[in-house]
Amino acid sequence: MWTMDISGRGGAPAIVGSGGERNQRPHAIVIGSGFGGLAAAVRLGARGYRVTVLEKLDAPGGRACAFRQDGFVFDAGPTIVTAPFLFEELWDLCGKRFADDVALRAMEPFYRIRFHDGAHFDYSGDQERMRAEVARFSPGDLEGYERFQRETETVFRIGFEELGHVPFARLSDMLRVLPDLLRLQGYRSVYGMVAKYLRDPRLRVVFSFHPLLVGGNPFAVTSVYTLINHLERKWGVHFAMGGTNALVRGLAGLIADQGNLIRCDAEVAEILLDGRRAVGVQLRNGEVLSANVVVSNADTAWTYKNLLPQRARRRWRDRKLERARYSNGLFVWYFGTNRRYEEVLHHTILLGPRYRGLIRDIFRNRVLAEDFSLYLHRPTATDPSLAPDGCDTFYALSPVPHLDSGTDWAVAAEPYRRKVEAYLEATLLPGLGKAVVSQRMMTPADFETRLLSYKGAGFGMEPVLTQSAWFRPHNASEDIERLYIVGAGTHPGAGLPGVLSSARILDKVVPDAVALV
């Protein structure tokens with residue numbers, strides 16, 4: 001059943017809770033062990049379900065898995081925590097304290113944004129420092145900055161606190177919030193909203209890039225996503241000591257303590273139906289598992305297109321899935337160095353010579369441009385244990401088009417990596433070429449084959465207004481009874497707060513276990 005001890009507590013792996021009492025409880029199957037799936041398993045376990053999490057890979061985490069090689073630890077995907085209370089809630093449900101299992105460190109500044117000419121803006125949780133940074137770039141924009149901050153607080157209150165954990169099951173749910181969306185000018189793009197308040201072109205970039213963190217085009221996604229600005233300001237930006245995968249190990253420990261299972265190397269081939277009701281799954285190896293409810297944390301388009309027959313789908317048919325708009329792809333170069341770069345912060349965003357043009361090439365033209373922008377993650381700035389003594393762990397992430405670009409990544413990956421390396425060596429990491437002692441890459445092709453992401457998109461469907469809330473695949477499937485969706489591809493969307501909130505919504509849409517006894 002297990003190939004490793006995922007509880008982080010040492011000792012031999014065990015199959016937990018295989019006795020009669022466990023088998024008498026209603027069974028919930030969770031497909032995928034990303035943060036959405038793990039959070040769903042904890043919540044269902046707390047409500048009396050016997051839960052089995054099925055993971056395709058050899059360890060839990062999905063996009064949040066970790067690569068360990070040559071003494072370096074590389075978090076594969078998410079690197080920051082912006083709403084710690086969503087994790088604390090899960091520990092509370094199990095009668096435990098989050099802080100006993102996971103240590104968070106606040107980032108200050110949150111990140112440094114470096115422009116192509118070498119100028120930089122330190123994005124901070126300290127409002128006086130932020131005012132000073134804005135004034136350093138454009139004193140005339142201070143008033144507009146203050147008004148923008150007040151606006152994002154209002155958007156956050158409605159978009160996250162009031163609607164982020166509410167299911168949009170009926171069109172009437174969407175119509176009910178339409179007046180709020182109009183009042184918040186949700187029809188504007190994030191960039192359009194920022195430009196309404198700030199005149200300096202560099203500040204417009206600083207305060208509009210956040211949608212890229214969740215797979216959105218700042219010039220196209222609804223301005224509701226400006227709530228990310230306030231979310232960071234309200235709770236801060238944190239890093240989990242031991243890497244983001246420490247959160248995965250902590251959640252896996254909660255699931256084990258509930259008497260429930262995570263099975264790795266267990267890829268689901270099909271969701272089994274009785275009429276229009278989900279009744280279990282069949283694994284790739286032919287094994288059949290029955291269930292009272294099925295929750296999919298797999299990519300939403302992949303779930304509907306590959307795990308369910310088209311005859312059973314009314315809304316999410318193949319043609320609709322193919323015509324939907326998808327988020328960008330991701331090129332990620334993970335590398336370890338035999339020296340430390342002490343002057344480099346934990347989080348750095350390096351902007352290329354173009355902003356609007358590059359984003360257009362990624363999302364609209366779908367071409368792999370010659371230039372790029374990067375997110376550089378140096379976790380050893382905070383936790384040196386993630387590399388051997390005297391060494392640094394990094395990853396450099398570049399947003400790129402998804403696989404509709406036609407890019408042959410088997411050919412393009414290494415030349416692209418060399419360009420990234422040369423750029424970093426010329427800017428922040430002198431001598432990088434000779435310092436790299438361990439490395440690996442992930443491309444959109446890997447996202448498709450390894451993570452089963454449709455079109456190799458890094459964040460599922462693009463979060464434009466017409467693919468948000470009611471228009472997004474619902475948390476309770478519109479097509480199949482007793483099938484539920486969590487993760488980036490459903491409401492409220494991508495990013496750790498989004499996927500954890502999607503699991504929170506299950507409390508409203510999945511019946512209590514006692515109702516199924």
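We use all heavy atoms of the structure for the numbers below, so side chains are in, but hydrogens, waters and symmetry mates are not. Here the structure is a predicted model, which is why all the values come from computation and not from measurement.
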Arg157 bridged to Glu153 by N-O distance under 4.0 Å
no

Between Glu421 and Arg418, is the closest basic N to carboxylate O distance under 4.0 Å?
no

Close side-chain approach of Asp318 to Arg313, heavy-atom, < 4.5 Å
yes

Using side-chain heavy atoms (C-beta onward) and a distance below 4.5 Å, is Asn229 in contact with Phe207?
yes

Can you tell me how the ring of His402 sits relative to the ring of Tyr326, calling it parallel under 30°, perpendicular over 60° and tilted otherwise?
perpendicular

Residues Lys455 and Asp404 bridged, charged N to O under 4.0 Å:
yes

Hey, can you pull the donor-acceptor pairs under 3.5 Å for the side chains in residues 343-350, sequence neighbours left out?
residue	atom	partner	partner atom	Å
His346	ND1	Thr382	OG1	2.6
His346	NE2	His377	NE2	3.2
His347	ND1	Tyr375	OH	2.8

Are the side chains of Pro473 and Arg315 in contact, using a 4.5 Å heavy-atom criterion?
no

What is the distance from atom CG of Asp122 to atom CZ of Arg136, rounded to the nearest 0.5 Å?
7.0 Å

Is the count of non-hydrogen atoms from other residues, nucleotides or ligands lying under 6.0 Å from Arg147 atom CZ greater than 12?
yes

Do other residues, nucleotides or ligands put more than 12 heavy atoms under 6.0 Å from the NZ atom of Lys508?
no

Can you check whether Leu368 reaches Ile362 side chain to side chain, under 4.5 Å on heavy atoms?
no

How about Thr407 and Arg366: does a side-chain donor come under 3.5 Å of a side-chain acceptor?
no

Would you say the side chains of Thr380 and Asp392 form a donor-acceptor pair under 3.5 Å?
yes

For Phe372, which residues count as a ring pair (Phe, Tyr, Trp, His ring centres under 6.0 Å) partner, sequence neighbours excluded?
Tyr416, Tyr423

Does any part of the side chain of Thr300, heavy atoms only, come nearer than 4.5 Å to the side chain of Trp316, both counted from C-beta?
no

Using the ring pair (Phe, Tyr, Trp, His ring centres under 6.0 Å) definition, which of the options Tyr355, Tyr111, Phe115 pairs with Phe209?
Tyr111

Looking at Arg43 and Glu89, is there a salt bridge between them, counting it only when a charged N and a carboxylate O are closer than 4.0 Å?
yes

Which residue, His230, Arg131, Arg233, forms the side chain to side chain donor-acceptor pair (under 3.5 Å) with Gln149?
Arg233

May I ask you to decide if the ring planes of Phe87 and Phe35 are parallel, tilted or perpendicular, using 30° and 60° as cut-offs?
perpendicular

Closest non-hydrogen atom pair, Met241 against Asp383
C-OD2, 3.6 Å

Tell me whether the NZ or CZ atom of Arg378 lies within the 45° cone about the ring axis of Tyr341 and under 6.0 Å from its centre.
no

Would you say the side chain of Leu397 lies within less than 4.5 Å of the side chain of Leu376, judging by non-hydrogen atoms?
no

Within the 3.5 Å criterion, strictly below it, is a donor on Glu133 or Ser124 matched to an acceptor on the partner's side chain?
no

Among Tyr123, Tyr225, Tyr191, the one residue meeting ring pair (Phe, Tyr, Trp, His ring centres under 6.0 Å) with His210
Tyr123

State plainly whether the residues Glu151 and Lys196 are in salt-bridge range, i.e. N to O under 4.0 Å.
no

Side-chain heavy atoms of Ile271 within contact of Ile31, under 4.5 Å
yes

Decide yes or no for Ser373 and Leu358: does some side-chain heavy atom of the first lie under 4.5 Å from some side-chain heavy atom of the second?
yes

Distance alone, cut at 3.5 Å: any donor-acceptor contact between the side chains of Ser477 and Tyr304?
yes

